[in-house]
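The next block holds one structure in the form of structure tokens; read it before the comments.
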Number of protein chains: 2
Amino acid sequence: MAAAIALADEAGLGAMTMKAIAVRLGDYSPMALYRYVHNKEGLVDLMLDAATAEIPLPARPGGDWRSDLYGLAMDSRRMTHRHPWYAQLVHTRPPAGPHMMRRLEFMLTVLTGEGATVAAAMTYAALVDRHILGSGLQEAEEARLDRRYGLDDTAKLVAAIRALHGLAVADGGVPHLAGWLAQPTGFTADEQFALGLDFLLDGIARRLAKPAEE
Amino acid sequence: MAAAIALADEAGLGAMTMKAIAVRLGDYSPMALYRYVHNKEGLVDLMLDAATAEIPLPARPGGDWRSDLYGLAMDSRRMTHRHPWYAQLVHTRPPAGPHMMRRLEFMLTVLTGEGATVAAAMTYAALVDRHILGSGLQEAEEARLDRRYGLDDTAKLVAAIRALHGLAVADGGVPHLAGWLAQPTGFTADEQFALGLDFLLDGIARRLAKPAEE
DNA sequence: CGGGGAAAGTGTACGTCATATACGAATCGT
DNA sequence: ACGATTCGTATATGACGTACACTTTCCCCG
């Protein structure tokens with residue numbers, strides 16, 4: 001499992017073949033792995049839960065629900081940053097790993113501690129996780145494209161953007177987009193993530209404030 | 001392309017093989033497709049843009065930015081609901097289809113019309129899209145699991161939840177989750193989507209209100 | 001109308017994967 | 001030291017995407 005994680009970290013999901021994993025473990029045959037894992041899906045399940053286990057989880061909520069959730073989201077994001085494959089794989093398997101459960105339980109505890117029903121807390125947690133995973137997915141895609149085309153430098157990236165820009169200009173009718181592509185500046189990915197997270201937490205806060213909602 | 005879309009709609013991405021597409025078009029050979037498409041990725045690009053084209057796009061913004069974005073998000077969601085594969089594929093390809101560009105341009109127009117910079121508008125649009133696609137991805141996963149195990153009835157679903165519940169109880173330490181699994185009620189997917197969308201739009205509204213932000 | 005060339009479609013072959021099955025080798029407890 | 005269990009391999013199969021060379025079909029022009 002560690003070998004599979006290392007492989008996927010370094011070379012992407014596509015490189016994580018049973019053969020490659022076996023070789024990395026010491027020039028074994030691919031079939032040797034099947035002594036320890038039912039099939040590749042089983043291996044993926046292990047990887048997902050192992051990665052989830054890397055997210056530090058306080059033993060119990062601190063006093064402030066908002067910073068509890070904010071911190072958990074940030075730690076989760078850091079993990080998806082270390083393991084870009086996480087966001088890609090998590091949607092391919094039922095979510096039943098023990099560490100995933102404990103993480104969700106933590107969020108539920110924090111939210112119900114503020115008066116939310118469990119049902120509402122599930123929804124809020126789902127919204128926050130959607131944000132985290134969506135962000136992770138986008139960055140994983142960028143990493144993949146980087147790997148595929150020029151990893152060496154930003155030269156090719158610039159060329160790609162220029163090509164896009166050419167398309168946009170040729171299209172006509174997309175002036176804002178064309179303008180932005182000419183000079184693509186703006187929020188960093190981290191700022192964007194924090195902003196979205198704040199929006200969601202603000203919304204949750206407003207709902208927690210009104211008692212006896214539903 | 002239409003055949004590929006129909007196949008993916010009906011039987012999932014896994015069934016969308018070049019052979020299956022060719023057969024659906026009239027018992028052709030798989031290789032016949034390569035006269036019209038460079039490779040499968042090219043076909044996927046076409047599918048993505050064709051699906052994006054299904055999202056109705058007003059010629060120009062209406063008066064109310066919020067309902068413009070709300071409507072667009074809802075229409076987009078309806079499309080991802082018709083085409084569950086969309087959310088799965090969109091993250092595997094660079095986002096350069098002309099209809100995608102036009103859709104993004106619409107969002108930028110709406111937001112910059114309210115005083116946002118293009119950079120800020122890009123961020124807001126990304127946040128909303130992340131929500132839409134995350135939601136679509138989750139529902140696609142459910143559809144996939146449904147297809148894979150008992151499509152016939154909810155009996156197997158209940159069994160699966162019961163199994164999860166068993167795990168959760170056995171785990172101990174996850175009381176809220178175990179309780180919810182025993183009686184999984186709460187927001188519908190539509191309610192959850194609308195709630196998250198409102199959170200995001202609220203956040204954007206607050207930022208638009210403050211002039212000269214950054 | 002008939003011939004020539006482009007367009008359309010096919011057959012075959014290859015490489016990569018995951019994985020089933022059957023077999024051999026190593027190791028460990030007694 | 002021996003026998004069983006555990007570990008690893010060899011081989012084969014069936015998807016799949018797709019390169020390449022070939023044949024068929026069709027249409028346009030003289």
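Note: hydrogens, waters and symmetry copies are ignored here, and every other heavy atom, side chains too, is used. What you see is a predicted model, and the numbers here were worked out from it, not measured in a lab.
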Taking only residues at least two apart or on different chains, which pairs with a member in residues 95-110 of chain A satisfy side-chain hydrogen bond (donor to acceptor under 3.5 Å, both in side chains)? A:Asp49-A:His99, A:Ser76-A:Arg103, A:Arg102-B:Asp171, A:Arg103-A:Asp129, A:Glu105-B:His176, A:Thr109-B:His176
Whole angstrom is fine here: how far is it from CG in B:Leu43 over to C1' in D:dT18? 14 Å
Within residues 4-18 of chain B: residues closer than 4.0 Å to DNA chain D (heavy atoms): B:Thr17, B:Met18
Atom CG of A:Asn39 and atom P of D:dA15 are separated, to the nearest Å, by 18 Å
What is the separation between atom OH on B:Tyr36 and atom P on D:dT18, rounded to the nearest whole Å? 18 Å
Of the options D:dG17, C:dG9, D:dT9, whose atoms approach the side-chain atoms of B:Lys40 most closely? D:dG17
Residues passing the salt bridge (charged side-chain N to carboxylate O under 4.0 Å, His left out) test with A:Glu54, sequence neighbours excluded, are A:Arg82
Regarding the side chain of B:Tyr34, the nearest nucleotide among D:dG17, C:dA8, C:dT19 is D:dG17
Just to verify, what does A:Glu142 make a salt bridge (charged side-chain N to carboxylate O under 4.0 Å, His left out) with, not counting sequence neighbours? none
Interatomic distance, B:Lys19 NZ vs C:dG9 P [rounded to whole Å]: 17 Å
Which residues pass the side-chain hydrogen bond (donor to acceptor under 3.5 Å, both in side chains) test with B:Thr92, not counting sequence neighbours? none
Going 5' to 3' through nucleotides 21-26 of chain C and flagging B where a protein heavy-atom sits under 4.0 Å of the base, S where only the sugar-phosphate is that close, and - otherwise, we get B-----
All pairs passing side-chain hydrogen bond (donor to acceptor under 3.5 Å, both in side chains) where residues 6-35 of chain B contributes a residue, at least two apart: B:Asp9-B:His83, B:Asp9-B:Trp85, B:Glu10-B:Arg24
All salt bridge (charged side-chain N to carboxylate O under 4.0 Å, His left out) counterparts of A:Asp68, not counting sequence neighbours: none
Can you list everything that forms a salt bridge (charged side-chain N to carboxylate O under 4.0 Å, His left out) with B:Glu139? Sequence neighbours excluded, please. B:Arg77
Please verify the inter-ring angle class for B:His131 with B:Phe193; under 30° counts as parallel, over 60° as perpendicular, anything in between as tilted. parallel
May I have the distance from A:Tyr28 (atom OH) to C:dT19 (atom P), rounded to whole angstrom? 21 Å
